[in-house]
Amino acid sequence: MISNEPLMIFDPLQHEVLIQNRWMSEGVFRAPFAREMTPETPTFYMLVMLPYPSGRIHMGHVRNYTLGDVVARYQRMQGKKVMHTMGWDSFGLPAENAAIQNRIHPAVWTRKNIADMKKQIHRLGISYDWDRELASFEPDYYRWNQWFFLQMWKRGDVFRALRNVNWCEALGTVLANEQVVDGKDERTGHAVIQKPMEQYFFAITKYADELVSGLESLDWPENIKAMQRHWIGRSEGVRFSFKLNTGEQIQVFTTRMDTLFGVSFLALSPEHPVIQEASQMDHELEDFCQTISKQSREERLTTDVKLGHRTKLQVRHPVTDELIPVFAANYVLMDYGTGAVMGVPGHDERDHEFASNYNIPIPIVIDSISPWEPGILINSGEFNGLTSEVASNALIKLLANSANAERMLSFKLKDWGLSRQRYWGTPIPTVHCPKCGVVPESEDSLPILLPEDIEFSGRGASPLTTSENFLKATCPNCGTDARRETDTMDTFVDSSWYWLRYLDSKNQTEPFAIEEAKVWTPVDLYIGGVEHATMHLIYARYFQKVLRDLGMAHTDEPFQRLICQGMVLKDGFKMSKSKGNIVDPDEVIEKYGSDALRLFMIFAAPIEKEIDWIGFEGIEGAARFLKRVDRLSSEHSPTHMDLPPLTSLSLDEKKLLNKVHQTLHRMTDDLEVRYSFNTLVSSLMELLNTIQEHRFDSINATAIRQHVWDVFVRLLAPMAPHLAEHLWTRLGHSGFVALAPWPPIIHELLIAEEVLVVVQVNGKVRARLILPADITDEDKHTVALQCEEIQPWLRDKTIVKVIVPPGGKIVSVVVKDI
RNA sequence: GCCGGCGUGGCGAAAUGGCAGACGCGACAGACUCAAAAUCUGUUUAUCGCAAGGUAGUGGGGGUUCAAGUCCCUUCGCCGGCACCA
């Protein structure tokens, strides 16, 4: 050891990089493969959401990665092997837009952005295993998207169907929802219409029920679970048919079978086949359907005026045999339920509104508190007097044969449309054969590579259609010349399994080895933005279930615990380039160091809340704290002496050690159970204040101080790892604090010698007593009643009762006037 | 409209039914300094009081409890999600 160097005061700008380099060169954060570990080795998988490489990291990233790093570093100090990695969600629209605007190839643009962001993330000192880094735009990654697609095709999980897309006639291209503003292309202002196009789908609705029930077992925030439940929208109901006068049947879906006698019309979606057929002989109906079809989905959903058109069709009520008119109505959606609704205006708000507009009778058939609630049936023939539930069951039974009534589950969740008419994505591995139709590629032809000879004009069909070489293919079935599929995959496919690729990112023969997944998954903790609460987190859960059924996963759910962190704002607004209110992390690091930035991010607010970046005062506070730690600990000269026997300690010394171990206990709980991060910092600040107040100079002082700082520095290490590393060395330790064991709690030091007991009279605090910690509850009772401070409050009163909660810190006396 | 969450000092916040405001920021005062910065010390919910101390207080109202920021009911406000889902 060089005598002067270890006592050096820490200079973030100078020392942080050196420490980062040491971590890197020694491979401190390398995660082992399952095959390198014994089965008993404890592991922890700490995952943060895969970032899009936009070019610069922002404070939201800093917050996310710092919080993840706190957990990763803590778990490592607990002796676990930790999987903590970083990668790039590097396909998607922005790269393609950059290509159109700046004539730069998406791959070049993306590579540069990744390099820039990586440099920034390095400066934060996050403990990633960079050997496992991945980027979804590399053929090495996306070939496995294609491979999964083929496996899913085999299982019948992929299908093709028509669905509306945003079509811009002027550009001859499909646009993403975010590119369409007010029914126009955001960039050029050309009109956008809805046009049905044939596309690929993953049959996610097959798993809809499991995606709802699976939420139960997850340790996720309630609001996220609620969002997912809502999104999937499971509802139990009945499907049955009404007969048209032509003999044809119209199936409806209802959750209120009990209101059957209140049906006074049928409402069908304008896209319903029965309406489509009828409109061929009814020009007014055709016009109506035309009008509605021009509305975008958004328009249709936001108009509160319900539009309808009375058709010439009528159906028979399945029980009463009455004639019921059939309407086409804009408020009925073809893609939910059966696309047809039995109109019960007496007991459904929307039907009521519609019926009022079109002078349809409004029969009342349920007696209940509110017209929309279940109750007792009235005006319902032989069913009168039954409860809604009993009547529903009876009606289903009655109509089982005559109207094919059966129970049915319905979901709001739609199948996952994964086709994108774009270049910068995973090519879908199929060909269009004139003889065999759409045929999947063979596995050994993968990867289907993105071609380089592409023109980016922003108009016309997918850029892939401009590559002659790419289009040329042979049918894997019959060998005839075929045209290669030009659709690429939704980028949500990339992010639906990446945490498994991290486990085995260099594997050339399979997406990952199952043995690795068995050891490392499910992910123990996943941290990311709340904006991914539904889409990404549902798609990822779906993929996990598919993988399980392919025999490639051993759990039903991918992410056991989830935390969604709040955004980082500036003056109440989201930081964004257009608002010019971005605070660049680099700027902060250059001024205060990354430890200070990290500490502030942890301390500023509870993880799930927003942080408003008002100014740099918060950061300065964090930097000030770190400087105090550095200075105060530098007053101590390291020693190898052990902690003296506890019996030889003075009260003052015990108090300090007490605080140390109470802090340790609390912080361990915050990290292990509560996942409360801001309180970690305040606990540590409190401890520093206590250390500063206890500057005793006794025989045991040096040995005690060594213990105090040994613990303190390790508690600091997950949050401010650079300074902690520096101090660890200065305390005379070799090796990295990052790999040092989390300090063990000395239980004798957890219990204070003295405790504060509060005496309340009628709920008001009247005395504070310092009593020996081992006092019995009986003695507490006695001492409390005798203490001087409460006597005035007992004068002229009768003591009704005295409550001493077992082991508590309070004595509650209840009195009343004599 | 429905679902979920949140309302605590000047500000960010803490408090596992048991001392509300820990910890930090800011502010004010003092020490050091020729001065400033940095650092250190103290004060900082309101209100009454010279003080000791009292009283009120966690959006509003009500309740349960010896004890409520915390649990229950109700009401207002803010944020997020979904939005004709039959």
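Numbered from 1 within each chain, the chains take letters A, B, ... in sequence-line order.
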- Note on the structure: Between A:D348 and A:R624, whichever has its closest RNA chain B nucleotide further toward 5' is A:R624
- A:P805, nearest nucleotide to its side chain (from B:G18, B:G80, B:A13): B:G18
- Query: Looking at the side chain of A:R766, which of B:C40, B:G54, B:C84 is the nearest nucleotide?
  - Reply: B:G54
- Query: Now, which nucleotide makes the Watson-Crick or G-U wobble pair with B:A36, with each of the two distances under 3.5 Å?
  - Reply: none
- When rounded to whole Å, the NZ to P distance for the pair A:K609 and B:G12 reads 8 Å
- Query: Between A:F354 and A:F265, is the gap from one ring center to the other below 6.0 Å?
  - Reply: yes
- Let me know the distance between CZ of A:R666 and P of B:U16, rounded to the nearest Å. 9 Å
- If you check every side-chain atom of A:S812, which of B:C40, B:A22, B:C66 has the closest atom? B:C66
- Query: What nucleotide among B:G24, B:A15, B:G18 has an atom nearest to a side-chain atom of A:M685?
  - Reply: B:G24
- Item | A:Y336 OH to B:C82 P, straight-line distance once rounded to whole Å | 17 Å
- Answer yes or no: does a side-chain N or O of A:S235 lie under 4.0 Å from OP1 or OP2 of B:A86? yes
- Note on the structure: By nearest-heavy-atom nucleotide on RNA chain B, the more 5' of A:V814 and A:V341 is A:V814
- Task: Could you please name the option among B:G12, B:C19, B:A14 that lies closest to any side-chain atom of A:N678?
- Result: B:A14
- Message: Quick check: closest heavy atoms across A:R541 and A:L537, and the distance to 0.1 Å?
- Response: CG-O, 2.9 Å
- With respect to A:F600, which candidate in A:W613, A:Y592, A:F616 satisfies the ring-ring contact (aromatic ring centres under 6.0 Å, His included) definition? A:W613
- Message: Without decimals, in angstroms, what is the distance between A:M601 CE and B:G24 C1'?
- Response: 16 Å
- What form does the base of B:G9 take, syn (within 90° of 0) or anti? syn
- Verify the distance criterion only: is there a donor paired with an acceptor across the side chains of A:T338 and A:Q251 at less than 3.5 Å? no
- Item | Interatomic distance, A:N330 CG vs B:C84 C1' [rounded to whole Å] | 8 Å
- Could you work out the separation of B:C6 and B:U16 based on their P atoms and round it to a whole Å? 14 Å
- Got a donor-acceptor pair under 3.5 Å from the side chain of A:K306 to the base of B:C84? yes
- Query: With both distances kept under 3.5 Å, what pairs with B:C78, Watson-Crick or G-U wobble?
  - Reply: B:G5
- Query: Considering all heavy atoms of both residues, which atom of A:W372 and which atom of A:G346 are nearest to each other, and what is their separation?
  - Reply: CZ3-O, 3.9 Å
- Using atom CZ of A:R234 as one end and atom P of B:C3 as the other, report the distance to the nearest whole Å. 19 Å
- What is the base-pairing partner of B:A13, counting Watson-Crick and G-U wobble geometry with both distances under 3.5 Å? none
- Just name whichever nucleotide pairs with B:U41, Watson-Crick or G-U, keeping both distances under 3.5 Å, else none. B:A29
- Message: Pairing check on B:A52: which nucleotide meets the Watson-Crick or G-U wobble criteria with it, both distances under 3.5 Å?
- Response: none
- Message: From NZ of A:K809 over to P of B:A15, roughly how many Å is that when rounded to an integer?
- Response: 13 Å
- Query: Which of the following nucleotides, B:C25, B:A14, B:A20, is nearest to the side chain of A:E617?
  - Reply: B:C25
- Query: Counting only Watson-Crick or G-U wobble pairs whose two distances fall under 3.5 Å, which nucleotide matches B:C66?
  - Reply: B:G18
- Message: How many whole angstroms separate atom CD1 of A:I9 from atom C1' of B:A38?
- Response: 14 Å
- What distance separates A:K225 NZ from A:L215 CG, expressed to the nearest 0.5 Å? 6.5 Å
